[in-house]
Amino acid sequence: MVILAIESTCDETAAAVVESFEGGVRVIKSVVASSVEMHKKYGGIVPEVAAREQIKSIVPVITEAMNKNDFDAIAVSYGPGLMGSLLVGVETAKALSWAWKKPLFKVNHMAAHVLANWITEGVGHVPELPAIGLVVSGGHTDIILMETLDKWKWVGGTRDDAVGEAFDKVARLLELPYPGGPQIDKAANSISEKLWQANKDNFKLPRPLINDAGLEMSFSGIKAAVARMVESKEFVGWIPNQVEKNMLIEELKKCIVAREFSEAVIEVMVKKTLLAIERYQPRSVILAGGVAANIKLRENLKNEVLKNGVDFFVPELRYCGDNAAMVGAAALMSPDITALDLKPDPSLGVV
Ligand code: KG4
Ligand code: ZN
């Protein structure tokens, strides 16, 4: 089966054509248009600006993705997300389904992030179930147990801020541009290991709930600790190398804080995922969502999971952030057909 998939939950407008392939999904074409440049000047997403841009770009994006490809059905993500943005995708999908007489599948955006792991390009095989999923995005941080493709259970997650939200807020504190996650990732990876080792003890942040026996996490405390660190300017005693000597002291400080913040939240997420492995004995661990693009999280989690003899999956970078290929993948792997009275649901959870 070939699916035309549509995604417009936040600031991206995306369309893709995907098909079933060897027990998983093959992407024929994937197009993503982002209004991130427009949001940069406001330091965050302005919902009205996002929706207005999506109205303009949805038809060109779908046209480019279709590119003479034929398809059997349409899929659209109907939540969670911003109401204005969701309406653009859902109403367009309904109109096309009616006009072209193709069935319509509704897709939960967070489930789509998870099912992006069934896109087999560059991997060759799909995750074996049961799996533990660590789902990390701007609005969600959840640990789920996937018993089958349709039977998921929430087993843990954040009590307060989502980890992506924490990345974005810390980036603001460090005066890094929006969107913050990739900027923190870049800053954290830009200093030498030597500089980091010489300074890390001066920049310790808390790892909330890390020694707690449960699978709950908390990220708002770390953010507050970064705020205190920035205010009190406790920056002392590093040994810059030649390249680092040419950087402004303020820039170096930002990079060290970014590195310590990344280390802290990643340590918590890795520890909780390992605890979930111990508790549920899965065959695979799946990492998903926008924050799955984080270099250190991908590396550290993979290493630790493999040490435990469990298979590890994470989507290619282009399928980590919001895209429509994952929406098509979800419709193929866990189909949920809908009537044309579908309404957006901005507050949908991962399960
Ligand atoms: O899944 P996503 O694209 O949108 C939502 O569904 O929320 O996730 C966006 C989140 C943002 O908070 C962004 O800062 C974060 O993912 N993010 C990252 C990285 N790339 C994106 N966080 C850390 N490191 C990254 N490399
Ligand atoms: Zn997303």
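All values reported here derive from a predicted model rather than from experimental measurement. Remember, it's 1-based here, ligands and their atoms both numbered in the order they're listed.
Among the atoms of His113, an N, O or S atom falls under 2.8 Å from the Zn ion (ligand 2).
Ion pairing between Lys94 and Glu91 holds under the 4.0 Å rule for side-chain N and carboxylate O. Remark: Arg52 does not engage Glu48 in a salt bridge, criterion side-chain N to carboxylate O under 4.0 Å. Between Lys271 and Glu267 there is no salt bridge, since no side-chain N of the basic residue sits under 4.0 Å from a carboxylate O of the acidic one. In summary, Glu299 and Lys296 do not engage in a salt bridge, as defined by a charged side-chain N under 4.0 Å from a carboxylate O. Using a 4.0 Å cut-off between charged side-chain N and carboxylate O, Lys29 and Glu19 make no salt bridge.
Using a 4.0 Å cut-off between heavy atoms, Asp322 contacts ligand 1 through both its backbone and its side chain. Proximity of His113 to ligand 1, defined as any heavy-atom pair under 4.0 Å, is confined to the side chain (atoms from C-beta onward). For Val291, heavy-atom contacts with ligand 1 shorter than 4.0 Å involve the backbone as well as the side chain.
The closest approach between a heavy atom of Pro182 and any atom of ligand 1 is below 4.0 Å. For Pro179, the heavy-atom gap to ligand 1 stays at 4.0 angstrom or more. Heavy atoms of His109 approach ligand 1 to within less than 4.0 angstrom.
Exactly one residue among Thr141, Asp160, Thr158 makes a side chain to side chain donor-acceptor pair (under 3.5 Å) with Ser218. That residue is Asp160.
Cluster annotation: Val327 and Val126 are assigned to distinct hydrophobic clusters (Ile/Leu/Val/Met/Phe/Trp/Tyr, side-chain heavy-atom contacts under 4.5 Å, transitive). Residues Trp118 and Val350 are members of one and the same hydrophobic cluster, defined by side-chain heavy-atom contacts under 4.5 angstrom among Ile, Leu, Val, Met, Phe, Trp and Tyr.
When the shell of 6.0 Å around CH2 of Trp154 is examined, it contains more than 12 heavy atoms from other residues, nucleotides or ligands.
For atom 26 (N) of ligand 1, the closest non-hydrogen atom on the protein side is Asp185 OD2, 2.9 Å. Looking from atom 9 (C) of ligand 1 to the surrounding protein, the closest heavy atom is Gly138 N, 3.8 Å.
By the 3.5 Å distance cut-off applied to N or O atoms, Phe167 is not counted among the residues near ligand 1.
Counting just the N/O/S atoms of His109, the one with the shortest distance to the Zn ion (ligand 2) is named NE2. Within Asp322, the N/O/S atom positioned nearest the Zn ion (ligand 2) carries the name OD1.
In terms of heavy atoms, Ser347 sits closest to Pro80 at C-CB, 4.4 Å.
Residue Gly290 holds the heavy atom nearest to atom 21 (C) of ligand 1 of all those in Gly181, Gly290, Ala188. Here atom 13 (C) of ligand 1 lies nearest to Asp168 when heavy atoms of Asp168, Asn294, Val170, Leu297 are compared.
Contact atoms of ligand 1 toward Gly164: 12 (O) (distance under 4.0 Å to a heavy atom of the residue).
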